[in-house]
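What follows is a set of notes on a single structure, which appears directly below.
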Amino acid sequence: RINREKNLDIVIETARSLSDIKFVIAGAVNKGDEQYYEKLRKNAPENVSFIKSPDENEKIKLFKEAKVYLHTRKKEPYGITVAEAISFGCIPVVPKSGGPWIDIVDQGRYGIGYDNKPDEAILQALSSGPEFAKSIYNSRDRFAFSIFKEKVKNYFENVAEEKGIKP
């Protein structure tokens with residue numbers, strides 16, 4: 001989504017300082033977010049393009065063409081788009097807070113974190129070798145439903161065992 005809580009102004013600021021890199025802001029613009037979307041467009045430098053409410057094919061194309069995925073919302077509970085980006089081989093650059101940093105990027109193992117400004121993290125991602133990107137891509141199975149299902153099953157079995165409950 002393109003809305004204020006996503007802190008997409010950070011993309012605009014970053015694109016200004018990294019003017020030789022192409023940025024794309026894509027997402028649904030829901031009712032009530034139109035003014036924010038227009039403000040972003042008005043303030044964006046030439047190296048930022050926008051795709052309003054992309055369909056699934058456009059989204060897939062964007063992920064396939066991107067090398068880096070910049071996530072800008074601090075303290076995001078999870079951040080499903082970060083996991084999606086990994087599944088397409090993008091290097092995620094995320095704030096060092098919240099679910100994406102802890103649960104998805106594993107505090108730098110599968111991506112790069114930043115504190116305030118993502119500029120250096122983006123440059124680091126772009127200059128990283130193909131092995132780093134490959135290791136991130138190869139980690140995508142962590143998000144498979146079968147693995148999630150097994151982890152939930154194990155969790156409940158462990159809780160039952162701790163409480164002395166037999167299945």
Side-chain angles (χ1 to χ4, degrees), residues 1-3 5-28 40-41 43-152 154:
R1 291 173 290 127
I2 297 176
N3 63 31
E5 71 182 32
K6 299 293 184 184
N7 298 322
L8 295 169
D9 301 87
I10 291 171
V11 178
I12 303 301
E13 293 168 22
T14 304
R16 245 188 213 90
S17 64
L18 299 175
S19 58
D20 56 333
I21 299 171
K22 179 184 174 189
F23 290 80
V24 177
I25 296 176
L40 288 172
R41 285 177 42 101
N43 293 324
E46 289 184 20
N47 60 327
V48 179
S49 59
F50 291 82
I51 300 177
K52 184 177 177 180
S53 302
D55 64 27
E56 194 64 23
N57 289 332
E58 288 173 303
K59 187 171 100 172
I60 289 169
K61 184 176 185 268
L62 287 169
F63 276 130
K64 283 182 175 180
E65 292 175 352
K67 179 170 182 180
V68 173
Y69 174 77
L70 174 60
H71 194 74
T72 53
R73 183 175 178 199
K74 292 183 178 184
K75 297 182 182 178
E76 175 90 68
Y78 185 71
I80 192 72
T81 56
V82 179
E84 284 181 301
I86 287 173
S87 74
F88 283 96
C90 299
I91 299 171
V93 171
V94 303
K96 289 183 179 178
S97 66
W101 175 243
I102 295 167
D103 299 324
I104 301 173
V105 172
D106 195 12
Q107 300 182 33
R109 184 173 180 191
Y110 301 113
I112 300 171
Y114 65 93
D115 291 310
N116 295 316
K117 297 175 79 178
D119 306 42
E120 289 301 316
I122 291 170
L123 293 174
Q124 182 183 348
L126 290 171
S127 66
S128 66
E131 288 304 313
F132 184 53
K134 185 177 180 181
S135 71
I136 292 168
Y137 176 71
N138 288 340
S139 79
R140 71 195 180 283
D141 290 342
R142 298 178 291 141
F143 308 110
F145 183 73
S146 59
I147 290 174
F148 171 76
K149 184 178 170 182
E150 188 65 28
K151 284 182 179 180
V152 170
N154 290 340

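Since the model is a prediction, treat every value here as computed from it, not as a measurement.
Contact of the I25 side chain with the I12 side chain is registered, since non-hydrogen atoms from C-beta on lie closer than 4.5 Å. N116 places a side-chain heavy atom less than 4.5 Å from the side chain of K74.
Taking CZ of R41 as the reference point, atom NZ of K52 lies at 8.5 Å (rounded to 0.5 Å). Remark: I122 CD1 to F23 CZ distance equals 4.5 Å, nearest 0.5 Å. Note that the CD atom of E76 and the CG atom of N7 stand 10.0 Å from one another [nearest 0.5 Å]. Within the model, atoms CD1 of I21 and OG1 of T14 stand 9.5 Å from one another, a figure rounded to the nearest 0.5 Å. Once rounded to the nearest 0.5 Å, the distance linking OG of S17 with CD of E120 reads 9.0 Å. Rounding to the nearest 0.5 angstrom, the gap separating the CG atom in N154 from the NZ atom in K149 is 12.5 Å.
Looking only at distances, a side-chain donor or acceptor of K67 sits under 3.5 Å from a matching main-chain atom of L126. Checking side-chain atoms of E58 against main-chain N and O of D55 turns up a donor-acceptor pair under 3.5 Å. One N or O on the side chain of S127 and one on the backbone of Q124 form a donor-acceptor pair closer than 3.5 Å. Put simply, the side chain of R140 gets close to the backbone of Y137: a donor and an acceptor are under 3.5 Å apart.
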Report task. Check the pair I86, R142 against side-chain contact (heavy atoms from CB on, under 4.5 Å), reporting the backbone distance first and the verdict last. Result -> CA-CA 10 Å; I86 287 173; R142 298 178 291 141; 3.7 Å; yes
Query - Evaluation steps, side-chain contact (heavy atoms from CB on, under 4.5 Å), between D9 and L40 - result: CA-CA 7 Å; D9 301 87; L40 288 172; 3.9 Å; yes
Query raised in the report: Could you go step by step and tell me if N47 and L18 meet the side-chain contact (heavy atoms from CB on, under 4.5 Å) rule?
Result: CA-CA 9 Å; N47 60 327; L18 299 175; 5.5 Å; no
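Taking every heavy atom of both residues into account, A28 and S53 meet most closely at CA-OG, 3.6 Å.
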Side-chain donor/acceptor pairs under 3.5 Å, residues 88-114, sequence neighbours excluded:
from	atom 1	to	atom 2	distance (Å)
S97	OG	K75	N	3.0
Y114	OH	H71	O	2.8

